[in-house]
Protein chains: 2
Amino acid sequence: MVVQRLESDKSLNQLFRALADGTRRSILARSLTETPSVSELAARYKMSFAAVQKHVAVLERAGLIQKRANGRAQLVSTNRARLQRAGELLDHFESTWRQRMGQLDDVLLPKGK
Amino acid sequence: MVVQRLESDKSLNQLFRALADGTRRSILARSLTETPSVSELAARYKMSFAAVQKHVAVLERAGLIQKRANGRAQLVSTNRARLQRAGELLDHFESTWRQRMGQLDDVLLPKGK
DNA sequence: CTATCGTACAACCATATGGTTGTACAGAGA
DNA sequence: TCTCTGTACAACCATATGGTTGTACGATAG
């Protein structure tokens, strides 16, 4: 069975890559409840402004957040559509896995130790 | 209420990192329906045996697969418990996100790092 | 206008990643 | 036994990543 190509490999790679860093997951979480500026975000972390700026850029490239200018500030917010899309992708992975696991269950589960 | 630290940051990083490569996702998928040896896996990809071996090692370190010796062959299978665990983590992320999207309630941020 | 703030970006550095080739060794088969 | 196969692992290379500092520039405050 061929898994439907819902998203390019590169896009999936970027998505998971973006999530593979605690600082970025934290930024993403914050940007869900607030709409902080980049410098407000940067103030929360021990690293330099430029470092946070890079993390924001990674999240932006992965499509998980977006920036919108407000005067000289760049306000960061999550891209909800993309976030949902990300969720669907993960769900898709999971369901594929579970489906396959289900097939395996027929063989492996009867023992149920 | 404090959100339980279900998994260490490092563990989460490894998990997402492991998923952020198409070859590894493919290996993971194959190892769900089959229990291929490392060399059988390697035969399916254009890269060298050693390269595939490294990908397998990454998946193993992330806890997504396990190897079991059968004679001189190393048979690769998915760690179903860990896989489910991975799914739960993703679900946890999603539900947290959705919850935050739904209401600006308590902020459960693992504090600033 | 001038000073400052928020941002962008370049240059640099150390380490990690993803690939290669080559060597070594244990298990299976002639 | 001796050979081939499957695996492990080291060394190496190019590029990516995650951090730094420094410079530049538009927007805002005084």
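So that the names make sense, note that chain A is the first sequence line, chain B the second, and so on, each numbered from 1. Nothing here was measured: the structure is a model prediction, and the numbers come from that model.
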Query - Integer-rounded Å distance: C/dT17 P and B/H55 NE2 - result: 12 Å

Query raised in the report: Checking side chain to side chain contact (heavy atoms under 4.5 Å, CB included) for the pair A/V76/A/L59: CA distance, chi angles, key distance, verdict?
Result: CA-CA 10 Å; A/V76 175; A/L59 288 167; over 6 Å; no

Requested in this report: Carefully, step by step, assess A/K67 and A/L75 under the rule side chain to side chain contact (heavy atoms under 4.5 Å, CB included).
Outcome: CA-CA 5 Å; A/K67 289 187 297 186; A/L75 304 184; over 6 Å; no

Query raised in the report: Is it the case that one hydrophobic cluster holds both A/M47 and A/V38, taking links as side-chain heavy atoms less than 4.5 Å apart, direct or via other members?
Result: yes

Query - Length of the CG-C1' vector between B/L19 and C/dG18, whole Å - result: 17 Å

Query - B/R17 side chain near D/dT17 phosphate (N/O to OP1/OP2, under 4.0 Å) - result: no

Requested in this report: For the pair B/S31 (side chain) and B/I27 (backbone), establish whether a donor and an acceptor sit closer than 3.5 Å, ignoring hydrogens and angles.
Outcome: yes

Query raised in the report: Whole Å only: how far is the CZ atom of B/R25 from the P atom of C/dG18?
Result: 12 Å

Query raised in the report: Does B/E34 pair with B/R44 as a salt bridge, N-O distance under 4.0 Å?
Result: yes

Report task. Test B/Q74 against B/R68 for side chain to side chain contact (heavy atoms under 4.5 Å, CB included), laying out the working first. Result -> CA-CA 5 Å; B/Q74 287 285 345; B/R68 139 176 78 87; 5.7 Å; no

With the criterion being N/O to N/O and under 3.5 Å, what pairs connect the protein with nucleotides 27-30 of chain C, and how long is each?
residue	atom	partner	partner atom	Å
C/dG27	N2	B/R72	NH1	2.5
C/dG27	N3	B/R72	NH1	3.4

Report task. Tell me, with the steps shown, if A/T78 and A/L64 meet side chain to side chain contact (heavy atoms under 4.5 Å, CB included). Result -> CA-CA 6 Å; A/T78 53; A/L64 286 167; over 6 Å; no

Report summary line: Taken to the nearest whole Å, CG/B/L75 to P/D/dT5 is 19 Å

Query - Short side-chain N/O contact from B/Q53 to OP1 or OP2 of D/dA8, under 4.0 Å - result: yes

Requested in this report: Take atom CG of B/N13 and atom C1' of C/dT15, then tell me their distance rounded to the nearest Å.
Outcome: 15 Å

Query raised in the report: Quick one: on DNA chain C, does B/T23 or A/K67 contact a more 5' nucleotide (nearest heavy atom)?
Result: A/K67

Query - Within residues 37-50 of chain B: residues closer than 4.0 Å to DNA chain C (heavy atoms) - result: B/M47, B/S48, B/A50

Query raised in the report: Roughly how far, to the nearest 0.5 Å, is the CG atom of A/L32 from the CD1 atom of A/I65?
Result: 11.0 Å

Requested in this report: Rounded to the nearest angstrom, tell me the gap between atom CZ in A/F16 and atom C1' in C/dT17.
Outcome: 18 Å

Query raised in the report: In whole angstrom, what separates A/R24's CZ from D/dG19's P?
Result: 8 Å

Report task. With the side chain of A/A73 defined as its heavy atoms from C-beta on, choose the nearest nucleotide among D/dG18, C/dT20, C/dT7. Result -> C/dT7

**Report entry** Rounded to 10 degrees, the angle between the two terminal axes of the helix from C/dC1-D/dG30 to C/dA30-D/dT1, each from five pairs
**Finding:** 10°

**Report entry** Basic-acidic side-chain contact under 4.0 Å: A/R25, B/D9
**Finding:** yes

Query - Minimum-distance pair of heavy atoms, taken over all atoms of B/G22 and A/N13 - result: N-OD1, 3.6 Å

Report task. Please determine if a side-chain N or O atom of A/K54 lies less than 4.0 Å away from the OP1 or OP2 oxygen of C/dC9. Result -> no

Query raised in the report: Between D/dT15 atom P and B/D21 atom CG, what is the distance in whole Å?
Result: 18 Å

Query raised in the report: Reckon A/Q74 has a side-chain N or O less than 4.0 Å from the OP1 or OP2 of C/dA8?
Result: yes

Query raised in the report: To the nearest 0.5 Å, what is the distance between CZ (A/F16) and CG (B/L15)?
Result: 8.5 Å

Query raised in the report: Is there a donor-acceptor pair closer than 3.5 Å between any side-chain N or O of B/N70 and the backbone N or O of B/A73?
Result: no

